[in-house]
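The next block holds one structure in the form of structure tokens; read it before the comments.
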Amino acid sequence: MNSYAIKVYGCQMNVYDAERLRTAMAKEGFSEVSLEEKPDLVIFVTCSIREKAEQKVWSEIGRLDSQWRRKGAPKVAVIGCMAQRLGSKFMDRFKSVCLIAGPRNLGKVPEALSKVAKNEERVLLLDDPRELSDLDCPPLRRDNPWRAYITIAHGCDNFCTYCIVPFTRGRFRSRAPEEIFKEIDFLVADGVREIILLGQNVNSYGADFDSGYRFSNLLRDVASDERVDLVRFLTSHPKDFTEDIVDVMASNSKICPAINLPIQSGSDRILSLMNRGYTVEQYAKIVETIRNKLEEVAITSDLIVGFPGETEEDFNASVDALKRFRFDLVHTAAYSPREGTAGAKMKDQLSEEEKYRRLNIVNELQNKISYEINASLKGKKYKVLLDSLPPKGEGLLQGRTPTDKVVLVEGDPGLLGKFVEVSITEAEHWCLRGKLEKIIG
């Protein structure tokens with residue numbers, strides 16, 4: 001058993017984990033193939049943030065398990081948050097599942113899979129929320145050669161009442177700055193031009209250090225590396241977002257003026273029930289600071305509708321927040337109860353019908369706002385790194401503006417990996433279309 005395919009669900013941190021796992025698997029002698037090429041092993045890097053994400057994994061493993069029972073292949077490994085949450089339940093249900101590993105045991109996975117390949121044993125690697133066995137390798141096996149994610153901290157200590165992440169990814173721990181800089185060395189040597197710093201809450205970076213070195217210091221130091229062309233980061237938590245972060249962003253043009261700042265609700269009552277640690281007015285002061293100090297900035301957000309006990313008045317407060325803050329983009333979701341969280345035990349759970357009625361209302365409103373903002377950019381010119389082919393559209397190349405808006409342009413694939421100047425010609429609510437004016441380098 002030396003061929004494998006990998007399927008990734010969920011957030012950018014899962015993408016980062018999968019890229020490092022692919023790099024480590026190559027060192028162990030495994031070869032990556034597509035599912036159509038009938039691999040010996042299929043690895044699922046899983047997400048537990050919503051029930052729908054888990055249902056997709058159950059269904060896909062069930063299909064592969066039926067195939068395994070008939071033909072003896074492929075075996076299945078389940079990695080990540082869903083593996084940590086459900087553990088041996090996968091092995092109880094599916095004979096094909098040979099390995100279960102939580103996200104804080106990722107460093108043990110390649111060796112464990114090598115052992116599994118040689119015999120019929122099944123391996124269960126579940127996490128101690130305070131311990132960490134991470135992969136000691138940069139993500140050199142990437143789908144995108146010019147952009148790379150780097151996780152700067154593991155876990156989360158916020159315990160928002162709707163969120164399963166602290167239970168699946170464990171307690172918060174910052175990575176040492178020297179580890180991050182060493183990884184950047186490997187990535188820029190591999191051709192990476194854009195670095196994206198990741199964390200469940202990047203603003204908490206360094207809170208567990210005695211040195212006083214915090215996220216703004218790391219952001220400044222990464223951006224000061226002359227080999228790095230662009231720096232982005234996500235996600236921020238409003239209760240920990242400090243003005244020094246904005247000051248560093250304003251002082252270095254390499255740091256893209258794009259901030260994901262999840263509001264989650266426009267109702268102070270619901271924010272308190274969610275254990276978010278701020279009010280709408282405190283959130284508004286942060287937004288005001290950002291927009292006052294950064295000339296052109298995009299603020300995206302996350303919003304949950306249908307949280308337990310959310311009244312029509314609470315929901316209308318969220319609608320009003322979208323109108324007030326006019327986010328560039330909002331990742332919206334109907335509340336999904338997660339077993340083990342405080343929210344799942346709360347009374348006054350709303351019906352699925354009502355949650356999706358509210359979701360449709362905020363989506364319609366936000367799509368209109370996003371389109372209006374994007375339409376106002378027609379005629380503007382941006383320096384864009386062309387880094388990928390879009391999912392649809394023959395002859396098109398894709399990049400992002402400094403404010404993190406997707407831009408599609410016509411061009412030869414030979415331009416991938418280069419900076420170009422693009423003038424915006426058309427707008428949609430989720431992307432921009434532009435004309436390539438000149439190659440910058």
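When a residue number appears, it is its place in the shown sequence, counting from 1.
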Task: Candidate pair Tyr162 and Gln264, rule side-chain contact (heavy atoms from CB on, under 4.5 Å), full reasoning - done: CA-CA 10 Å; Tyr162 55 82; Gln264 300 301 8; 3.2 Å; yes
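- Salt-bridge formation is not detected for the pair Glu19/Arg142: no Lys NZ or Arg NE/NH1/NH2 atom is positioned less than 4.0 Å from an Asp or Glu carboxylate oxygen.
- A donor atom on one side chain and an acceptor atom on the other are found under 3.5 Å apart for Ser48 and Glu54.
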TODO: Give the C-alpha distance, both sets of side-chain angles, the deciding distance and a yes or no for side chain to side chain donor-acceptor pair (under 3.5 Å) between Tyr149 and Arg20.
DONE: CA-CA 10 Å; Tyr149 297 114; Arg20 290 186 301 147; over 6 Å; no
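- Among Ile290, Asn292, Asp328, the single residue meeting the side-chain contact (heavy atoms from CB on, under 4.5 Å) criterion with Val297 is Ile290.
- Residues Ala112 and Val123 approach most closely at CB-CG1, 4.3 Å, considering heavy atoms.
- From Leu41, atom CG reaches atom CG of Leu113 across 5.5 Å, with rounding to the nearest 0.5 Å.
- Aromatic ring pairs are classed by plane angle as parallel below 30°, tilted from 30° to 60° and perpendicular above 60°; the pair Phe327 and Phe325 is tilted.
- Of all heavy-atom pairs spanning Val42 and Pro74, the tightest one is CG2-CG, 3.8 Å.
- Salt bridge Arg63/Glu60: present, at least one basic N to carboxylate O contact under 4.0 Å.
- The backbone N or O of Ile164 lies less than 3.5 Å from no partner atom in the side chain of Arg338, so there is not a single donor-acceptor pair.
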TODO: Check the pair Lys95 / Asp65 against salt bridge (charged side-chain N to carboxylate O under 4.0 Å, His left out), numbers first and verdict last.
DONE: CA-CA 7 Å; Lys95 296 293 184 182; Asp65 193 68; over 6 Å; no
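- The CG atom of Asn374 lies 9.0 Å from the CD1 atom of Ile424; values are rounded to the nearest 0.5 Å.
- Closest heavy-atom contact between Ala24 and Pro110: CB-CG, 3.7 Å.
- Residues Phe94 and Gly62 come closest through the heavy atom pair CE2-CA, 3.6 Å.
- Heavy atoms from other residues, nucleotides or ligands lying under 6.0 Å from CZ of Phe186 number 12 at most.
- With Ser251 contributing its side chain and Val248 its backbone, the two residues share a donor-acceptor pair below 3.5 Å.
- Smallest separation of non-hydrogen atoms from Pro139 and Glu183: CD-OE2, 3.3 Å.
- The local environment of CD in Gln282 is crowded, with over 12 non-hydrogen atoms from other residues, nucleotides or ligands closer than 6.0 Å.
- Interatomic distance, OG1 of Thr403 versus CD1 of Ile373, reported as 10.0 Å (0.5 Å rounding).
- Not one N or O on the side chain of Asn275 forms a donor-acceptor pair closer than 3.5 Å with the backbone of Thr161.
- Between the side chains of Asp208 and Ser174, a donor-acceptor pair is found at a separation under 3.5 Å.
- Classified by interplanar angle (parallel below 30°, tilted 30° to 60°, perpendicular above 60°), the ring pair Phe90/Trp58 is parallel.
- Side-chain contact check for Glu37 and Ser34: at least one donor-acceptor pair (N or O, by modelled atom type) lies under 3.5 Å.
- Residue Asn158 holds its CG atom at 9.0 Å from CZ of Phe172, rounded to the nearest 0.5 Å.
- Surrounding CD of Glu410 are at most 12 heavy atoms belonging to other residues, nucleotides or ligands under 6.0 Å away.
- For Thr23 (side chain) and Arg141 (main-chain N/O), a donor-acceptor pair under 3.5 Å exists by modelled atom type.
- Among the candidates Arg193, Lys383, Lys254, the single residue satisfying the side-chain contact (heavy atoms from CB on, under 4.5 Å) test with Asp229 is Arg193.
- For Glu121, the CD atom sits in a packed shell: over 12 heavy atoms of surrounding residues, nucleotides or ligands are nearer than 6.0 Å.
- At least one donor-acceptor pair closer than 3.5 Å links the side chain of Arg175 to the backbone N or O of Thr151.
- Side-chain contact check for Met274 versus Cys160: every heavy-atom pair is 4.5 Å or farther apart.
- Asp143 has a carboxylate O that lies under 4.0 Å from a charged side-chain N of Arg22, or vice versa, which qualifies the two as a salt bridge.
- Here the side chain of Asp387 pairs no donor or acceptor atom with the backbone of Trp146 at under 3.5 angstrom.
- Residues forming a side-chain contact (heavy atoms from CB on, under 4.5 Å) with Lys108 (at least two apart in sequence, or on another chain): Asn105, Leu125, Ser133.
- Applying the 6.0 Å contact sphere to CG of Asp190 captures more than 12 heavy atoms from other residues, nucleotides or ligands.
- In this structure, the side chain of Asn217 engages the main chain of Arg214 through a donor-acceptor pair within 3.5 Å.
- Within the 3.5 Å criterion, the main-chain N or O of Thr235 finds no donor-acceptor partner in the side chain of Asn260.
- A 6.0 Å sphere centred on CD of Gln55 holds more than 12 heavy atoms belonging to other residues, nucleotides or ligands.
- A donor-acceptor contact closer than 3.5 angstrom links the side chains of Ser423 and Glu437.
- Nearest heavy-atom pair, Val116 versus Lys75, reported as atom, atom and distance to 0.1 Å: O-NZ, 4.0 Å.
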Task: Check against side-chain contact (heavy atoms from CB on, under 4.5 Å), Asp185 and Arg227 - done: CA-CA 9 Å; Asp185 289 341; Arg227 302 168 302 170; 2.6 Å; yes
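- In this structure a side-chain-to-backbone donor-acceptor pair under 3.5 Å is present from Thr289 to Lys285.
- Below 30°, between 30° and 60°, or above 60°: for Tyr278 and Tyr283 the angle between ring planes is between 30° and 60°, a tilted geometry.
- The number of heavy atoms from other shown groups lying within 6.0 Å of NZ (Lys435) does not exceed 12.
- For the pair Arg173 (side chain) and Gly155 (backbone), a donor-acceptor distance under 3.5 Å is absent.
- Around atom CD of Glu372, more than 12 heavy atoms belonging to other residues, nucleotides or ligands sit under 6.0 Å away.
- Side-chain contact check for Arg400 and Tyr382: no donor-acceptor pair (N or O, by modelled atom type) lies under 3.5 Å.
- The distance from atom CG of Leu416 to atom CG of Leu389, rounded to the nearest 0.5 Å, is 5.5 Å.
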TODO: Any chance you could lay out the side chain to side chain donor-acceptor pair (under 3.5 Å) test for Asp40 and Ser3, step after step, and finish with the verdict?
DONE: CA-CA 5 Å; Asp40 302 312; Ser3 66; 3.0 Å; yes
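- The CD1 atom of Ile100 lies 12.0 Å from the NZ atom of Lys89; values are rounded to the nearest 0.5 Å.
- With a 4.5 Å cut-off on side-chain heavy atoms, Cys81 and Arg169 count as touching.
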Open item on the list: Could you go through Glu178 and Lys182, starting from their C-alpha distance and side-chain angles, then the distance that decides it, and tell me whether this counts as salt bridge (charged side-chain N to carboxylate O under 4.0 Å, His left out)?
Closed with: CA-CA 6 Å; Glu178 54 268 24; Lys182 181 180 178 182; over 6 Å; no
TODO: Check step by step if salt bridge (charged side-chain N to carboxylate O under 4.0 Å, His left out) holds for Arg232 and Glu194.
DONE: CA-CA 8 Å; Arg232 303 183 195 268; Glu194 179 180 326; 2.7 Å; yes
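- Side chains of Pro391 and Gln398 form a contact here, defined as non-hydrogen atoms less than 4.5 Å apart.
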